[in-house]
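The next block holds one structure in the form of structure tokens; read it before the comments.
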2 protein chains.
Amino acid sequence: MNTDPDLVRGTLNTILLETISRAPMYGYQICKTVNAKTSGYFNLREGSLYPALHRLEQEGLLKAYWEQADTGRRRKYYQITDAGRRVLAEKREQWQAFATAIQQVLAPSALPAM
Amino acid sequence: MNTDPDLVRGTLNTILLETISRAPMYGYQICKTVNAKTSGYFNLREGSLYPALHRLEQEGLLKAYWEQADTGRRRKYYQITDAGRRVLAEKREQWQAFATAIQQVLAPSALPAM
DNA sequence: TGAGTATACATCGGCTATCTTGGTATGTCA
DNA sequence: TGACATACCAAGATAGCCGATGTATACTCA
């Protein structure tokens with residue numbers, strides 16, 4: 001099944017903050033991790049990822065630092081900030097509320113209001 | 001808590017199809033019903049609703065007809081089509097898959113992949 | 001009878017996050 | 001040397017929701 005891009009919208013930041021909150025990660029790794037973790041359901045691309053990371057960094061929710069890998073390549077690691085954790089907590093709640101609301105609509109038992 | 005417009009995006013069509021699938025409804029009624037059904041969590045406005053209804057009608061997922069209410073006012077009722085029911089079924093599945101994927105990311109037990 | 005509110009339809013511009021496409025550069029392996 | 005994975009990034013296009021605004025009718029209550 002295809003992922004509807006419009007479903008992804010609004011959750012990407014949450015996904016990124018959540019993923020990075022576990023351990024500092026670099027872009028390419030985040031891409032692979034998220035896609036793997038959702039069994040390929042998400043098809044997160046770099047064209048979506050990097051702008052999002054930059055946005056979150058600019059908002060002070062992430063902090064970036066460069067590191068040299070054993071392979072010799074430079075990697076830009078992203079680390080969550082305290083502000084990031086606060087926002088993440090909010091976004092988690094927001095998601096739960098949203099999912100609940102949707103379920104309320106999709107529930108077969110829902111009575112026709114009015 | 002505020003509803004993130006970006007979360008609504010991509011689910012509005014599903015919500016509308018689902019709501020209308022139970023019984024033909026007119027715009028104003030849909031607005032009130034959805035908002036009531038989600039305990040005010042959604043704040044569906046006419047500026048979002050009517051364009052969406054028109055879009056769905058143009059795609060052949062809804063069919064509209066006018067009716068005169070007892071009150072004397074004209075109401076434009078929307079009815080789901082067979083194509084609409086098929087798409088709704090898809091969208092329900094899509095939503096479940098999506099919600100599952102998100103849960104997989106948000107699950108505290110998720111192991112750091114890679 | 002007049003004002004205010006609820007009902008009922010609709011359009012339009014602005015916003016913005018995501019997608020697609022394209023680009024640069026390095027390391028590995030055959 | 002060529003192919004591929006790794007690793008970063010930019011830019012333009014897209015498309016859908018939101019807020020504001022407009023029109024018109026019916027009801028309520030002073």
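Everything numeric here is computed off the predicted structure, so don't read it as measured data. Computation of the quantities below employed the complete heavy-atom set of this structure, encompassing side-chain atoms and omitting hydrogens, waters and symmetry-equivalent molecules. By convention in this document, chain letters (A, B, ...) are assigned in the order of the sequence lines, proteins followed by strands, and residues within each chain are numbered from 1.
Residue S48(B) is classed as a base contact, given a heavy-atom separation below 4.0 Å to a base. Across all strands, G27(B) comes closer than 4.0 Å only to sugar-phosphate atoms, never to a base (heavy-atom distances). Nucleic acid contact class of R55(B) (heavy atoms, under 4.0 Å, all strands): sugar-phosphate only.
Between K76(B) and E67(B) no salt bridge is recorded (no basic side-chain N to carboxylate O distance below 4.0 Å).
Counting atom types as modelled, R74(B) pairs no side-chain N or O with a base atom of dA8(C) as donor and acceptor under 3.5 Å.
Here dA8(C) presents its C1' atom at 12 Å from NZ of K76(B), a figure rounded to the nearest Å. Atom pair N43(B):CG and dC17(D):C1' shows a separation of 12 Å (rounding to whole Å applied). Distance CZ (R73(B)) to P (dA6(C)): 12 Å, rounded to an integer number of Å. Rounded to an integer number of Å, the gap from OH of Y28(A) to C1' of dT28(C) is 13 Å. With rounding to whole Å, D4(A) atom CG is found 11 Å from dA15(D) atom C1'. Rounded to an integer number of Å, the gap from K32(B) NZ to dA8(C) P is 10 Å. Straight-line distance from the CG atom of L44(B) to the P atom of dC17(D): 9 Å, rounded to whole Å. Summarising the geometry, the separation between CD on E46(A) and P on dA25(C) is reported as 17 Å, rounded to the nearest angstrom.
In this model, the phosphate group of dC9(C) is not approached by any side-chain N or O of H54(B) to a distance below 4.0 Å at OP1 or OP2. Under 4.0 angstrom from either OP1 or OP2 of dA7(D) there lies at least one side-chain N or O belonging to Y26(A).
Comparing D70(A) and G47(A) against DNA chain C, the residue whose closest nucleotide sits nearer the 5' end is G47(A). Annotation: of the two residues near DNA chain D, R45(B) and R75(A), the 5′-most nearest-nucleotide partner is R75(A). The 5' end of DNA chain C is approached more closely, in terms of each residue's nearest nucleotide, by L53(B) than by the other of L53(B) and D6(B).
Comparing dC17(D), dC8(D), dA10(C) by their nearest atom to the side chain of W66(A) picks out dC8(D). Each of dA7(D), dC9(D), dT11(C) was ranked by its minimum atom distance to the side chain of Y50(B); first place goes to dT11(C). Comparing dA7(D), dC9(C), dC17(D) by their nearest atom to the side chain of L12(B) picks out dC17(D).
Taking the six-membered ring for Trp and thresholds of 30 and 60 degrees, Y77(B) and Y26(B) have ring planes more than 60 degrees apart, a perpendicular arrangement.
Checking side-chain atoms of T38(B) against main-chain N and O of A101(A) turns up no donor-acceptor pair under 3.5 Å.
A heavy-atom distance below 4.5 Å is found between the side chains of F42(B) and V8(B).
The only member of I15(A), T33(A), L61(A), I30(A) that meets side-chain contact (heavy atoms from CB on, under 4.5 Å) when paired with I20(A) is I30(A).
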